[in-house]
Amino acid sequence: MRENLKFNCVVVGATGMVGQRFLTLLENHPYFNVTGVAASKRSAGQTYEKAVEGRWKMAKPIPEAVKNMVMIDAADIEAVGKICDFIFCAVDMPKDEIKALEEAYAKAEIPVISNNSAHRWTSDVPMVIPEVNPEHLEVIESQRKRLGTKRGFIAVKPNCSIQSYVPALTPLRKYGIKQILVTTYQAISGAGKNFETWPEMVDNVIPYIGGEEEKSEKEPLRIWGSVQGGTIVAAEEPVITSQCIRVPVSDGHTAAVFVSFENTPPKETILEEWKNFRGVPQLLDLPSAPEQFITYFEEDNRPQAKLDRDIYGGMGVTVGRLREDTLFDYKFVGLSHNTLRGAAGGAVLIAELLAREGYLD
């Protein structure tokens, strides 16, 4: 990484909930300096404060540094590229349009760190949880060859809900995980909403979230896959089945997990694995990395979204209720903050890792 010099970035999709979260996280960031905000054509030309008037959903106020920035049309790649080294992308558009936009930025030599799902299954695009599969960043070299770029590339973060259980399962894979059953209980901010904009969710549970169950069953296998011949090849095991339910919680996705092993470890061993799990972000002491990646609670009624989602600035993963099961070997409950670890915060952590590893130079 450059010494004593920040990288300039633009948040594309800055008016949405995830874009807003990006801006609050990037305020006074030690590596990154926000030099622009972009969104749809209808916002272009307005100040950021005007563009989000009546729509600001964060508890923190709009950062002073971006209030009077003039919105750029996200489709104006040349204008964005003039003022940044890379972009964070969190646009609300049809998937094929997102794919085309992100690739256009990359081909214009502007690295893209994306919160969107459009490129999660592009074979040479790394989909990364930095503590779990940082080695997948190696595929960027092959992606650049395909795109014909020297700097430009796309890197994405995975689905927000799987980060409530994939980190906890990762250090246990050495014991031969055979089957996983998971039900996720997902907060309304995962749909970009709060209770004011979605009053139907008050006192309600909706047993369906479009596309989430497929993501929950397939994305962990890609994360646990390997780089082979310039592409990422998904793992073939374990078998995963899931249900995804929307619940009346503002932030924090909870997962009820059941797991079977080839070589079942004792409970004490699992607890030690979680306690000692450190990834590259912890070793590099990245700014957004939680000091303790996985925190286990002994109390029967933890983790709870309201109490525990903000652990380590919302970047830690919490686990509890590990116990033997009658059908599977073990069951436990996991929790992660969906718009921090699961969305904008996870993308910022990816960018920090990319910066330290020289991919943004």
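Keep in mind the model is a prediction, meaning the values are calculated, not measured.
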Counting only heavy atoms not in [X] (residues, nucleotides, ligands), do more than 12 fall under 6.0 Å from its [atom1]?
X	atom1	value
Glu299	CD	yes
Asp300	CG	no
Lys331	NZ	yes
Glu27	CD	yes

A side-chain contact here means heavy atoms from C-beta on lying under 4.5 Å apart; do [X] and [Y] qualify?
X	Y	value
Leu23	Ile62	no
Thr35	Val10	yes
Thr47	Lys67	no
Tyr105	Ile154	no
Leu221	Glu236	no
Glu219	Val166	no
Phe88	Asn115	no
Leu169	Val259	yes

Classify the side-chain pair [X]/[Y] by whether it contains a donor and acceptor separated by less than 3.5 Å.
X	Y	value
Gln163	His253	no
Arg341	Tyr312	no
Thr318	Asp308	no

Would you mind checking if [Y] and [X] are paired as a salt bridge, meaning a charged N to carboxylate O distance below 4.0 Å?
X	Y	answer
Glu200	Lys193	no
Lys107	Glu103	yes
Glu53	Lys50	yes

Exercise. Just one of Val317, Leu322, Thr295 clears the side-chain contact (heavy atoms from CB on, under 4.5 Å) bar with Trp274, so which one?
Worked result: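 Among the candidates, only Leu322 passes.
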Is a side-chain donor or acceptor of [X] paired with a backbone partner of [Y] at a separation under 3.5 angstrom?
X	Y	answer
Arg309	Asp251	yes
Arg246	Tyr208	no
Lys57	Gly192	yes
Gln186	Ser161	no
His119	Ala155	no
Asn338	Gly252	yes
Glu109	Thr149	no

For this session: Classify the ring geometry between Phe328 and Phe258 as parallel (under 30°), tilted (30 to 60°) or perpendicular (over 60°).
Result: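 Ring orientation of Phe328 relative to Phe258: tilted.
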Exercise. Honestly curious: do Tyr31 and Val11 fall in one hydrophobic cluster under the side-chain, below-4.5 Å linking rule?
Worked result: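 As far as the 4.5 Å side-chain criterion goes, Val11 and Tyr31 are connected within one cluster.
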Exercise. Is it true that Phe332 and Tyr296 have ring centroids separated by less than 6.0 Å?
Worked result: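 Here the rings of Tyr296 and Phe332 have centres that are no less than 6.0 Å from each other.
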Problem set entry | Non-hydrogen atoms of Ser216 and Ser242 that approach each other most closely |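 Shortest heavy-atom separation between Ser216 and Ser242 comes out as CB-OG, 3.5 Å.
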